[in-house]
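The shown structure was predicted, so the numbers you read here are calculated from the model rather than taken from an experiment.
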Amino acid sequence: MCHVIVTCRSMLWTLLSILVAFAEVIAFMSPDWLLGFPRSDSSVSGAGVDSGEYRPSLGLYSRCLRVGTRGVGVSCGPYAGTFGEVASGFWKAAMLFLAAGTLVLGCVACISIFSLCFQSILKKSIFNICGLLQAIAGLLLMVGLMLYPAGWGSEKVISYCGPEASPFRPALCSLGWAFYAAIGGTLAAFLCAVLSAQAEIATSSDKVQEEIEEGKSLICLL
């Protein structure tokens, strides 16, 4: 018989697991990892188009640029048509680690929804398994984030950040919100791993067992 068990700690873990997975997916796909040095676009003119300074942005595989055609503003899209065209070998490695970590977090987010009804897999606690996976995902993301600055010496980054750009030195560029979102998601992944243990304690408490013995199928505890 399926017992739906909802506690504050298990619900917090489930919601945070889903939020972390979404944050990492959005950060991975965003072009706002690096913001290039301010530049003017004198070729843009006409009503409704800002001809002042702007900052192009560069992501792991995408970018945003001002298109100097009348009536067209910022254009965003992938600069790399294939994986081999990614700006740097370090970025390729970073993408693999970040993608692997994000995939694991996405799988855990899906499993966490079912944890309301199923608390074990093959007689193993679903919370403990998911917590371990989230810790592994956090390590994968951490490695990816450490590799990312090593690729700042590539030709692509130099064109955005100036000739002084080098590994771990973005020169005239500044870090965009996507990089900070990825860091926040990584830290939150480790927090989820800790909260999974608390969720396990909450759903296997004596009070929950008493309600199960009373025949209740929906158990909600603060």
_Criterion side chain to side chain contact (heavy atoms under 4.5 Å, CB included) on Y180 and L175, from CA distance to verdict_ = CA-CA 8 Å; Y180 293 111; L175 296 172; 3.8 Å; yes

*At what distance, to the nearest 0.5 angstrom, does OG of S57 lie from CH2 of W177?*
10.0 Å

*If only atom types and distance count, is the side chain of S62 paired as donor or acceptor with the main-chain N or O of G59 below 3.5 Å?*
no

*Crowded around F114 CZ? As in, over 12 foreign heavy atoms under 6.0 Å?*
no

*Side-chain heavy atoms of M146 within contact of F97, under 4.5 Å*: no

In a table with atom names and distances, give each donor-acceptor pair under 3.5 Å that connects a side chain of residues 124-141 to protein atoms at least two apart or in another chain.
residue : atom : partner : partner atom : Å
S125    : OG   : F127    : N            : 3.3
S125    : OG   : N128    : N            : 3.4
S125    : OG   : E200    : OE1          : 2.6
Q134    : OE1  : W13     : NE1          : 3.1
Q134    : NE2  : S17     : OG           : 2.8

*Side chain of R55, backbone of G36: donor and acceptor closer than 3.5 Å?*
yes

*asked:* Using a 3.5 Å distance criterion without hydrogens, assess whether the side chain of Y79 forms a donor-acceptor pair with backbone atoms of L60.
replied: yes

*asked:* Quick one: does any side-chain atom of K92 pair with a main-chain N or O of V86 as donor and acceptor, under 3.5 Å?
replied: no

*Applying the 4.5 Å side-chain criterion to the ILVMFWY set and letting contacts propagate, would F28 and L145 be lumped into a single cluster?*
yes

*same_hphob_cluster(F22, V108) at 4.5 Å side-chain heavy-atom cutoff*: no

*Kindly compute the distance separating CZ (R169) from CH2 (W152), expressed to the nearest 0.5 Å.*
11.5 Å

*Can you measure from CG (L35) to SG (C161) and round to the nearest 0.5 angstrom?*
9.0 Å

*Could you check if a side-chain atom of Y160 sits within less than 4.5 angstrom of a side-chain atom of R63, using non-hydrogen atoms only?*
yes

*For the atom pair OG1 (T102) and CE (M29), what is the distance rounded to the nearest 0.5 Å?*
11.0 Å

*Side chains of L98 and V143: does their closest heavy-atom pair fall under 4.5 Å?*
no

*Given the rule that I, L, V, M, F, W and Y join up when any side-chain heavy atoms are under 4.5 Å apart, are I111 and V104 in one cluster?*
yes

*asked:* Using modelled atom types and a 3.5 Å cut-off, is there a donor and acceptor pairing between side-chain atoms of E24 and backbone atoms of V20?
replied: no

_Contact check, side chains of F90 and Y148, non-hydrogen atoms, under 4.5 Å_ = no

*With no hydrogens and no angle check, is any side-chain donor or acceptor of S112 less than 3.5 Å from a backbone partner on A109?*
yes

*Could you tell me whether a side-chain N or O of W91 sits under 3.5 Å from a main-chain N or O of A150, the two making a donor and an acceptor?*
no

*Identify, with sequence neighbours excluded, every residue that meets salt bridge (charged side-chain N to carboxylate O under 4.0 Å, His left out) alongside E155.*
none

*Say whether L187 and L16 are linked into one hydrophobic cluster, either directly or through other cluster members, by side-chain heavy-atom distances under 4.5 angstrom.*
yes

*Counting only N and O atoms by type, is there a donor-acceptor contact under 3.5 Å from the side chain of S30 to the main-chain atoms of I26?*
no

_Ring centroids only, cut at 6.0 angstrom: are Y61 and F83 within range, meaning strictly under it?_
no

*asked:* For the CE atom of M142 and the CZ atom of F190, what is their distance to the nearest 0.5 Å?
replied: 4.0 Å

*Going through the checks in order, is the side chain to side chain contact (heavy atoms under 4.5 Å, CB included) test met by L65 and S75?*
CA-CA 5 Å; L65 293 172; S75 175; 5.7 Å; no

*To the nearest 0.5 angstrom, please state how far the OG1 atom of T186 sits from the CG atom of L105.*
8.5 Å

